[in-house]
There are 2 protein chains.
Amino acid sequence: MNLSEFELIHRIRHQRPTAPDRVLLGIGDDTAAVRPTPGMALLVTTDTFVEGFDFDTAFSTWQQIGWKSMAANVSDIAAMGGLPLYALTTLCLPDCRTAEEIDGLHEGMDRLIDHIDLSISIIGGDLSGITGPTVISITLIGETEPEHILKRSGARVGDYVCVTGHLGASEAGLRLLQHTRQQPDRSLLEPYADTIAKHLSPVPRVQEGRLLADSGFVHAMIDISDGLSSDALHIGHGSRVGLSIHADALPITAETKAAAQTLQVDPVKLAMQSGEEFELLCTIDPNQVESLASRMADQTGLSLTPIGEVVDESEGFSWIDTNGIHLLRAEGYEHFR
Amino acid sequence: MNLSEFELIHRIRHQRPTAPDRVLLGIGDDTAAVRPTPGMALLVTTDTFVEGFDFDTAFSTWQQIGWKSMAANVSDIAAMGGLPLYALTTLCLPDCRTAEEIDGLHEGMDRLIDHIDLSISIIGGDLSGITGPTVISITLIGETEPEHILKRSGARVGDYVCVTGHLGASEAGLRLLQHTRQQPDRSLLEPYADTIAKHLSPVPRVQEGRLLADSGFVHAMIDISDGLSSDALHIGHGSRVGLSIHADALPITAETKAAAQTLQVDPVKLAMQSGEEFELLCTIDPNQVESLASRMADQTGLSLTPIGEVVDESEGFSWIDTNGIHLLRAEGYEHFR
């Protein structure tokens, strides 16, 4: 398929309705133009996904790839406590990509946006051919109150380290898909539907991020994209504090534990290393964790689990299980290459 | 060279000073955060450059490729009458890229920014491996007064069509480089230094774009990236007007005319088709062209040349030379593939 036909699809896709009060100028001029909300800070992030490095069409449909590309960008805005508003989507397409595949990619992005009930306008992008793998690059712009920006560097000694939702499923899902790659019997995967879905179509925590940021009791936040251990260390180093994580406290579903058993891996290790979870990891005033957790359960249905404490920098980074105290290392997620 | 070493370079590169009053958060957290200027509209653009499609290392150094990638994005902001402020730079790098090459790429971007005396902060980006060609993707964010945004769609019947600087050199420069590719004697290119420089290191017209937008007498504007004929048609279709272009009025330097003779091509055709000129094409109140041209010459040293008129939609698109009236077609620049 040639590029001009893609261009047509790309333009049609961009007829997704935009917010007319904020978007002064959408696709079709030299730049887009938007009107920032007075008093708000702009949050800007970009993430690029290269076929063979960041996604594998052996495991994911193009819809799932589109969903996950958008989810990763949305999760970065969520981790700052922000609301995503404007996206620019760039595609580098080799000749072999079909119109159906590109439609699927766009549909996946749209579905993720609709699934979490966001109003993201696609205001621009670019399209190029490539003699090589498909490249998807998204830039996402959001807003938040400047005083509510949740950085990695605000953790305070005594804070509880907390995490939204459950951990380990993304990595377990990927390993299950790899494990059964050669096996025609797909029913082997049926008991692990939620775990695999978490790998293929993760849901970023925008509403939860807003709730945490608005509370005023959260001091540092990050999304789990590299893995709990790596991302915890980002907070630790960024805030110049130590961390103590309790292995027994990690929220892992019964299904993910069963998957770990099937895969013959330690579920705690899975939970520590699993990347692209897109859960939020934050440090909270210890007196406020319970009320915040109950508010989150009420408003979004998601759990907020304390998994450790912020300690003095001199105490370093540790994780504790029934065997004793261990050094916390950045053994997070590595891309499947 | 492996990616983590590149990552190091990438991070060092990003230590370019940022404007602390506007940039709340630069590289190193989940997103960047900036404070928009109250009352201003945001302009957002993104352009991607794929090795083998958009650039060719046989003709350009990595510095020149970096310069031109940034210039193309800056030119889009200039075409709206805006001021570029924040950039995100994404690189997909195959294993064969060396640290020197990537340094050169970044140096080229910086040199362009410094050359036109802009204060652009690099606030983010992404880095990935790729089993394929080098991909450079830049997102650029700027600001302008909402009432000064210069769209393609504002041209009025009776306006003069004007262009900054000179035309044809970018395409002539490329053809000279292609022409002499097999010839070891580089001195053949010496008489055409300015023409070749325009192809390799074009200068976007930010100051000129601001002057034109601020004047209030310019009704539509676009940058010449596809070629004069194509981009004029963009204004024509966008504004629902006709256009009449005078071939004899096109500003072409004596050097570019000499290059056209060497290449045995019609200089007017070159000027009509040459893409990536990054000059500004605009339509102006006919009574104000002279004073605007003299103000631009005073303030920036660049020429502003009337090359035609905006006519009624029913009169269509034409260009006129000594042989008569011809149909204006989108025969602009095609990528060298």
Side-chain angles (χ1 to χ4, degrees), chain A residues 24-25 28-36 38-54 75-80 82 86 88 90 92 94 123-133 135 137 139-142 144 146 149 151-153 221-223 225 238 335 337, chain B residues 24-25 28-36 38-54 75-80 82 86 88 90 92 94 123-133 135 137 139-142 144 146 149 151-153 221-223 225 238 335 337:
Chain A
L24 302 170
L25 208 52
D29 218 302
D30 292 300
T31 75
V34 300
R35 195 192 297 276
M40 298 289 261
L42 281 181
L43 305 172
V44 193
T45 187
T46 188
D47 262 309
T48 295
F49 305 87
V50 179
E51 189 178 354
F53 276 78
D54 303 295
S75 184
D76 281 329
I77 301 273
M80 306 301 286
Y86 314 111
L88 297 96
T90 291
C92 303
I123 59 167
D126 197 5
L127 197 63
S128 177
I130 189 169
T131 310
V135 177
S137 186
T139 297
L140 193 65
I141 301 177
T144 195
I149 293 176
K151 296 186 272 194
R152 303 174 175 187
S153 56
M221 191 151 76
I222 193 170
D223 69 321
S225 51
H335 289 288
R337 64 195 130 138
Chain B
L24 301 169
L25 208 53
D29 218 301
D30 291 300
T31 75
V34 300
R35 194 192 299 274
M40 298 290 261
L42 282 179
L43 304 173
V44 192
T45 187
T46 188
D47 264 308
T48 294
F49 306 87
V50 179
E51 189 179 354
F53 277 77
D54 302 296
S75 184
D76 281 329
I77 302 272
M80 307 300 287
Y86 314 112
L88 297 97
T90 291
C92 303
I123 60 168
D126 198 3
L127 198 62
S128 177
I130 189 169
T131 310
V135 177
S137 186
T139 297
L140 193 65
I141 301 177
T144 195
I149 293 176
K151 297 186 271 193
R152 302 174 176 186
S153 56
M221 191 152 74
I222 192 170
D223 69 321
S225 51
H335 289 289
R337 62 190 129 143

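Per chain, numbering begins at 1; letters A, B, ... match sequence-line order. Keep in mind it's a predicted model, so treat the numbers as computed, not measured.
Contact of the A/Thr46 side chain with the B/Thr46 side chain is not registered, since no non-hydrogen atoms from C-beta on lie closer than 4.5 Å. When side chains are defined from C-beta on, A/Asp30 counts as touching B/Ile222, because their heavy atoms get closer than 4.5 Å.
For the residue pair B/Met40 and A/Pro36, the shortest heavy atom distance occurs at O-CD, 3.3 Å. When all heavy atoms of A/Cys92 and B/Val50 are compared, the closest pair comes out as SG-CG2, 3.8 Å. Contact detail for B/Phe53 and A/Ser128: the closest heavy-atom pair is CB-OG, 4.4 Å. The two residues A/Asp29 and B/Arg152 have their closest heavy-atom pair at OD2-N, 3.0 Å.
The part of A/Ile141 that comes within reach of chain B is its side chain, from C-beta onward, which places non-hydrogen atoms under 4.5 angstrom from that chain. For A/Leu42, the parts lying near chain B are the backbone and the side chain together; criterion is any non-hydrogen pair under 4.5 Å. Only the side chain of A/Leu88 comes within less than 4.5 Å of a heavy atom in chain B; its backbone stays farther off. Both the backbone and the side chain of B/Val34 have a heavy atom closer than 4.5 Å to some heavy atom of chain A. With a 4.5 Å cut-off on non-hydrogen atoms, A/Thr131 touches chain B through its backbone and its side chain both. Residue B/Ile130 touches chain A through both its backbone and its side chain, counting heavy-atom pairs closer than 4.5 Å.
To the nearest 0.5 angstrom, B/Ser153 atom OG is 7.5 Å from A/Leu25 atom CG. One finds the CG atom of A/Leu43 at 10.0 Å from the CD1 atom of B/Ile123 (value rounded to the nearest 0.5 Å). B/Thr31 contributes atom OG1, which lies 7.0 Å from atom CD1 of A/Ile149 (distance to the nearest 0.5 angstrom).
For A/Thr144, the side-chain hydrogen bond (donor to acceptor under 3.5 Å, both in side chains) criterion is met by A/Arg210, not counting sequence neighbours.
Here B/Asp76 is the residue among B/Asp76, B/Leu140, B/Thr45 with the most heavy-atom pairs under 4.5 Å with chain A.
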Stepwise side-chain contact (heavy atoms from CB on, under 4.5 Å) check, A/Ser137 with B/Thr48: CA-CA 9 Å; A/Ser137 186; B/Thr48 294; 5.8 Å; no
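The one candidate from A/Thr139, A/Thr90, A/Asp126 that meets the side chain to side chain donor-acceptor pair (under 3.5 Å) condition with B/Thr139 is A/Thr139.
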